[in-house]
Amino acid sequence: MSRTAAEADAGRRHPRWPACGLCPRFAIDIGSARTRAWTPGRGVVLDVPTVTFPGTGGIHPVQRGAIVDTAGVARMLDRLLGRRTAGPGRPLIVLSTPVLGGPGFRGAALEALEVLRPRTVLTVPAARAIALGAAADMSRPLVVVDLGAQVTEVALLADGAVADAYRTALGTTDLEDAMPVADVAGAVVAMVADMLRADRTPQSLLALRRGVVLAGGGALRPEIAYALTDRLRVPVRPATAPHTAALRGAGQILAAVHRHPASAVRPGRACDG
């Protein structure tokens, strides 16, 4: 497990978001198991396995929340979205990234996205995107658990930005390999306990008392929410359509910055929404 502070959610303000009424616009979420894309007016237009085919068989270019084959991700994006970006307008993209993916994930993802000839790419931490997609009240501290296929992240949001975050390389794939639900739930509880111990402010305790927002594919399994509720002794609320909550939140940011260009951040940088 690992932890970070607010630097993971830092961004720099920039005065302009390129205005382009004819440019295609995408929110994209590249996960270990699934890659998804959202466009204004159509919603989710892509939800497929994160697999690339360099030869006779498929390989997985994203493993345990890390991009291990940047060229493979680029080939996949070109195959899936290349035709949608073939016109004269260069796309505007908002990319949801793991909170603890760091510069490695962000840099590799931005490099892979170059295959789509983007005009601008804006990145947003997944926990922030999930809170937006779940329509959560971010005026108060909030705990978000993103339980994916191969990685689980626990993040504390304060004033809408990531204040602290933890990660473990466990997910629903491990449950399919016969790992008990209790083990995954125990890992989440341990990360929450670490967060509480590290916080010198009341924010994490106040957030936990509100309950936990649960997202990712793991939130589709009711036994996980039950186990977490039992162990944490607080309400655990799966987001609506939790597997696409981060994507929908990234889509909200895409729509907002397109309407209000002056609120955008520097292309390719992390933002706090």
Side-chain angles (χ1 to χ4, degrees), residues 9 11 17-50 62 65 67 73-74 76-85 87 89-99 101 105-106 108-136 138 144 146 148 153 160 162 213 215-217 239-261 263-273:
D9 203 34
W17 171 272
C20 178
L22 298 178
C23 294
R25 289 174 283 153
F26 297 99
I28 297 177
D29 183 11
I30 304 170
S32 300
R34 310 284 297 184
T35 291
R36 301 180 172 100
W38 178 99
T39 62
R42 297 190 61 187
V44 180
V45 295
L46 186 71
D47 187 344
V48 298
T50 304
V62 182
I67 295 177
V73 173
M76 178 187 69
L77 292 172
D78 188 37
R79 171 171 55 87
L80 297 172
L81 294 173
R83 291 183 180 179
R84 296 177 183 268
T85 61
R90 297 173 63 186
L92 310 179
I93 296 172
V94 173
L95 176 70
S96 171
T97 63
V99 175
F105 185 98
R106 191 178 302 119
L110 292 174
E111 181 179 342
L113 284 168
E114 283 299 314
V115 75
L116 301 180
R117 304 179 306 111
R119 188 176 188 189
T120 302
V121 179
L122 187 66
T123 64
V124 57
R128 163 78 178 179
I130 287 168
L132 287 169
M138 287 188 284
V144 175
D146 183 8
E153 292 190 327
V162 176
V213 175
T240 302
H243 55 306
T244 61
L247 181 69
R248 298 195 311 274
Q252 288 187 35
I253 293 174
L254 177 64
V257 296
H258 189 71
R259 289 194 302 268
H260 305 287
S263 69
V265 303
R266 181 173 299 181
R269 293 298 184 95
C271 76
D272 58 13

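- You'll find the side chain of V124 stays beyond 4.5 Å of the side chain of L132, heavy atoms only.
- Residues A27 and L247 come closest through the heavy atom pair O-CD1, 3.3 Å.
- Distance check, rounded to the nearest 0.5 Å: OG1 of T123 to CZ of R106 gives 4.5 Å.
- Of all non-hydrogen atoms in A74 and V115, the two that sit nearest each other are O-CG1, 3.5 Å.
- Here the straight-line distance linking atom OG1 of T120 with atom CZ of R90 works out to 8.5 Å at 0.5 Å rounding.
- Of all non-hydrogen atoms in I67 and A109, the two that sit nearest each other are CD1-N, 3.6 Å.
- The nearest pair of heavy atoms linking A246 to A126 is CB-O, 4.3 Å.
- Note that CG of L95 and OG1 of T97 are 6.0 Å apart. Values are rounded to the nearest 0.5 Å.
- Nearest heavy-atom pair across A250 and V94 is O-CG1, 3.6 Å.
- When all heavy atoms are compared, the tightest approach of R248 to A241 is NH1-O, 2.9 Å.
- Atom CG of residue L81 and atom OG1 of residue T35 lie 9.0 Å apart, to the nearest 0.5 angstrom.
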Donor-acceptor pairs are to be reported for all side-chain atoms of residues 38-47 against protein atoms at under 3.5 Å, with residues two or more places apart or in another chain.
| residue | atom | partner | partner atom | Å |
| --- | --- | --- | --- | --- |
| D47 | OD1 | R34 | NE | 3.0 |
| D47 | OD1 | R34 | NH2 | 3.1 |
| D47 | OD1 | R36 | NE | 3.2 |
| D47 | OD2 | R36 | NE | 3.1 |

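- The CD1 atom of I93 sits 8.0 Å away from the OG1 atom of T85 when rounded to the nearest 0.5 Å.
- The distance from atom CG of L122 to atom OG of S96, rounded to the nearest 0.5 Å, is 11.5 Å.
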